[in-house]
Each structure stands twice: as C-alpha cells, then as structure tokens.
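Structure first, commentary second.
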There are 2 protein chains.
Amino acid sequence: MDTRERLVESTRELLWERGYVGTSPKAIQERSGVGQGSMYHHFAGKTDLALAAIQRTAADLRAAAAADLDGPGSPADRVMAYLRRSREVLRGCPVGRMTQDPDVATDRRLRQPLADTFEWLRGRLAAVLAPALPDGVPAEAIAATILATLQGGYVLARAAGDTEPFDRAIDGIQELLTRTMGG
Amino acid sequence: MDTRERLVESTRELLWERGYVGTSPKAIQERSGVGQGSMYHHFAGKTDLALAAIQRTAADLRAAAAADLDGPGSPADRVMAYLRRSREVLRGCPVGRMTQDPDVATDRRLRQPLADTFEWLRGRLAAVLAPALPDGVPAEAIAATILATLQGGYVLARAAGDTEPFDRAIDGIQELLTRTMGG
DNA sequence: GTCTATACAACGATAGAC
DNA sequence: GTCTATCGTTGTATAGAC
C-alpha cells in the first residue's frame, strides 16, 4: 500500500471511531506510519484528507448496498437481505455518524457525499420496493422509513451499549413491511 | 439565573451544537459569561459539567414525550401526536447526537442517561401501542422501530441539509402503522 | 517525497490572590 | 465565589534542508 493509500485508510478508520472534530492530523500520522512532511505533501490538510476518506467510505457503502439490493430473489427478499446484512452495529454507520459532526455538516464539500449516498440509497430502495407495495403506498416514504430505521437503530444501540435495540428495530420494520407487502 | 444554572444551560446548548469533543471549557465560559475560576469552583471539569447538562436534557426529553404519550385520544392518536410533534430537525436530537461522541459512548456515567432515556421511551411507547396492535405483533419491536425512525430521520435530514427525508420517514412509518393498527 | 524544526493558538486544568 | 496568572500538552499547520 503506498503512502497516499495508507493515509486515506487511516483517516477512514479514525473518522469512523472518533469523527472529524475528534481526529487530529497527528493521530493520522501515527496510525498510518506516515511522517508530518509526507502527509502535507500528499494532502493540503485535515479537510482535504477527510474529503478523500469520506468519499471512499460512501462509495464502499453504496457498493455493499447494491450487492444486496440487486441480488437474487423477490423484491421483498432483497430488501430483507439488505436489512439483515451483518453489520458492526456498535461502531455505528461510518457514513451516518459524520452527519453529527458540526464541521462536516456545515462544510458543503464534506457533506455532499453523505447527501448523495442517502439520496442514492433511498432511490434504489424505492425502486426495489415499488412493485411489491400495494397501490397507494408511497415507495419513497417507505424507503425513507427503512433507511431511518437502520440509522436510528445504530443510535439506539450505541446509547444502550448493546446491539439489542438495533435488532428489535429491524424486527419491527420487518414485521410492518411483511404485513404491508404480504408474505 | 444563577451562575451554576448559566453554566449548565450554556453547556447544554454547546453539546447540542458541537458535541462533547467539540465543546471546550473556554467556549462554555464565553457563552455563559462565567469566568474560569468560577466555572471550576462549581464543577470539577468538563466531564462533570457535561454530565449535569446531559442529565437535564434527557429529563426534558422524557417530559416532552410523556406529554404526548399520556395525552388525550386513542393509543394511535397519542403515538401519532408523538411522531408529529414539531421538532428542530436540522439541529438533530439533543440526546441521540451524544451517542456519536466517542468520549461519551465510552464513559459509563455520561452514557447512562442516554441509555435510560431510550429504554424508558421504548417502554412507554410499547405500553401505549400494545392494546392497539393485532395479536402476535410485538409491541416492543414496533416501539423500537418508531424510535429508530425518529432518530434516523434526524440523521438523514442532516445529511441532506433539509428536513424532507425526516418528514418522509415519518410519513412512511405512519402509513405502515396505520395499515397494521387499523385506521 | 520525506525529514526535522519551528510557530502559535487552543485545550483543559491548577494555583493562589482577593 | 470570583479573578488573574500560569502550566504542560495537543492541534494544525508552515519552512526549509535533504
């Protein structure tokens, strides 16, 4: 792995663990094993590094979701596969967690990948759901609810220090969806 | 408002806006108009101040929820009143946002009020829902899903920089609940 | 490209006078 | 109780040699 790569990967880890405000250039240097001068040669500063890291994390998340949503089975199967995919719940969502960072939320460039990712996810989910929903049930709203359940599940689990609330929230949305979609 | 009170209120505001990691003692002093020596006379340090602020914010949130959930109307009415209550969506949930703060999540004392609040909310919601749900639908899971939808709605809205995803998520859960509970 | 040195503000607190 | 002074560390770079 080259130097640039090590910097981006270390930044991704630290942003996931500690957020933007909680991540220092020094910590990135230590984790990556890259020196001060070298880091500032490859990136203009903390913001630039964070942008690269966030963009890659967002792209990874979209790819992982696409693998489930474009997989085999009925629309309902694919949505459930997405919902039930194994996740590192107590670490939180690496994309969603950035929305709580004041310096990310207020920086257009840093926030853009987050906005794009969730908008894309909602569209994909809605497209999969639409043919399985009864007439008159708005797919876009159900898609938003599913995404929110996941993101909120992470929040509840981290508050509890336990994955149980996340799992219950998924159980609940699955129950509601099953009763609405049928089967 | 006395000195202690001004400190706690200023800390609450700052924790909501910037989180724990992003809030400095100095910023608290400036916002409250309380001096350095005075602040450290009343509180042992940043953690102690944050604990008082988080406890109060959590208590406020429970009181506001109780007002809706114990209000007039059918179980469904009360749940919808809670879901539809006016919120400052783009500011995020003052309790939920703390779960993303690494120094809060790893500190038992700071995390406890968050855990207690969501556990209490889930229990109250489940108690209201239970008589309105068809047999075999687990109230605890539906309650977790409702809470998660709210918390996740905040996340999606902040990512978008717009309240629309929050509103859609609420629309979706309302639709699903209505179809399951009946009209 | 990478290294070391330097800079200067902010962080989070403690000390001691009043 | 409140004030000012001081402290050691970290944050976030920039400068210039190699």
Side-chain angles (χ1 to χ4, degrees), chain A residues 1-55 97-98 100-111, chain B residues 1-57 97-98 100-111:
Chain A
M1 204 160 47
D2 73 3
T3 302
R4 247 192 105 84
E5 192 62 14
R6 290 211 311 280
L7 285 166
V8 173
E9 287 302 315
S10 297
T11 303
R12 288 177 37 157
E13 292 174 15
L14 284 162
L15 288 182
W16 195 0
E17 291 167 21
R18 305 202 34 88
Y20 182 82
V21 170
T23 295
S24 69
K26 189 178 181 185
I28 296 170
Q29 291 153 32
E30 281 165 0
R31 180 156 316 198
S32 63
V34 170
Q36 179 98 328
S38 194
M39 190 193 101
Y40 281 104
H41 171 76
H42 290 286
F43 293 92
K46 177 176 166 174
T47 304
D48 191 28
L49 214 23
L51 180 59
I54 290 173
Q55 284 172 338
R97 73 113 52 237
M98 303 310 299
Q100 301 305 321
D101 230 302
D103 295 353
V104 171
T106 58
D107 182 319
R108 271 208 151 291
R109 297 188 60 219
L110 292 179
R111 188 167 57 74
Chain B
M1 202 160 49
D2 73 3
T3 302
R4 247 191 105 84
E5 191 62 16
R6 291 212 310 280
L7 285 166
V8 173
E9 287 303 314
S10 297
T11 302
R12 286 177 32 148
E13 292 174 16
L14 284 163
L15 288 182
W16 195 359
E17 291 167 21
R18 305 203 33 89
Y20 183 82
V21 171
T23 296
S24 68
K26 188 177 181 183
I28 296 170
Q29 291 153 31
E30 282 165 359
R31 179 155 317 195
S32 63
V34 170
Q36 179 99 326
S38 194
M39 191 193 101
Y40 281 104
H41 171 75
H42 291 286
F43 293 92
K46 178 177 167 175
T47 304
D48 191 27
L49 213 24
L51 180 59
I54 290 173
Q55 284 172 339
R56 184 175 301 178
T57 295
R97 73 116 46 241
M98 303 310 299
Q100 301 304 323
D101 230 301
D103 295 353
V104 171
T106 58
D107 182 319
R108 272 207 150 290
R109 298 187 61 217
L110 292 180
R111 186 166 58 72

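Residue numbering restarts at 1 for every chain, and letters A, B, ... go by the order of the sequence lines. Atoms considered below: every heavy atom in the structure, side chains included; atoms not considered: hydrogens, waters and symmetry mates.
Atom-to-atom, CE of B/M39 to P of C/dT14 comes out at 10 Å; the value is rounded to the nearest Å. With rounding to whole Å, B/F43 atom CZ is found 12 Å from D/dT2 atom P. For the pair B/Q29 CD and D/dC3 C1', the interatomic distance rounds to 12 Å; values are reported in whole Å. Summarising the geometry, the separation between NE2 on B/H42 and C1' on D/dC3 is reported as 13 Å, rounded to the nearest angstrom. Note: CG (B/D2) to C1' (D/dT2) measures 14 Å, nearest angstrom.
When atom types are taken as modelled, the side chain of B/D101 and the backbone of B/V104 share no donor-acceptor pair closer than 3.5 angstrom. In this structure a side-chain-to-backbone donor-acceptor pair under 3.5 Å is missing from A/T11 to A/A53. A/S32 places no side-chain N or O within 3.5 Å of a backbone atom of A/S10 that could act as its donor or acceptor partner. The closest donor-acceptor contact from the side chain of A/R18 to the backbone of B/P102 lies at 3.5 Å or more, if one exists at all.
Residue A/H41 places no side-chain N or O under 4.0 Å from the OP1 or OP2 atom of C/dC3. Of the side-chain N and O atoms in B/T3, none sit less than 4.0 angstrom from OP1 or OP2 of D/dG1.
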Could you go step by step and tell me if B/T57 and B/M98 meet the side chain to side chain contact (heavy atoms under 4.5 Å, CB included) rule?
-> CA-CA 11 Å; B/T57 295; B/M98 303 310 299; over 6 Å; no
Would you sort out whether B/M39 and B/L49 count as a side chain to side chain contact (heavy atoms under 4.5 Å, CB included), showing the intermediate values?
-> CA-CA 9 Å; B/M39 191 193 101; B/L49 213 24; 3.8 Å; yes
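Residues from residues 7-18 of chain B lying near DNA chain D, meaning a heavy-atom separation below 4.0 Å, are absent.
B/G35 comes within 4.0 angstrom of the backbone, heavy atoms only, and of no base.
For the side-chain hydrogen bond (donor to acceptor under 3.5 Å, both in side chains) test with B/E17, the passing option among B/R31, B/R12, B/R97 is B/R31; the others fail.
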Identify each atom pair where a protein N or O and an N or O of nucleotides 10-12 of chain C are less than 3.5 Å apart, giving names and distance.
unit_1: C/dC11; atom_1: OP2; unit_2: B/S24; atom_2: OG; d: 3.4
unit_1: C/dG12; atom_1: OP1; unit_2: B/K46; atom_2: NZ; d: 3.1

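The shortest distance between side-chain heavy atoms of B/L51 and B/T47 does not fall below 4.5 Å.
In summary, A/E9 and A/R6 do not engage in a salt bridge, as defined by a charged side-chain N under 4.0 Å from a carboxylate O.
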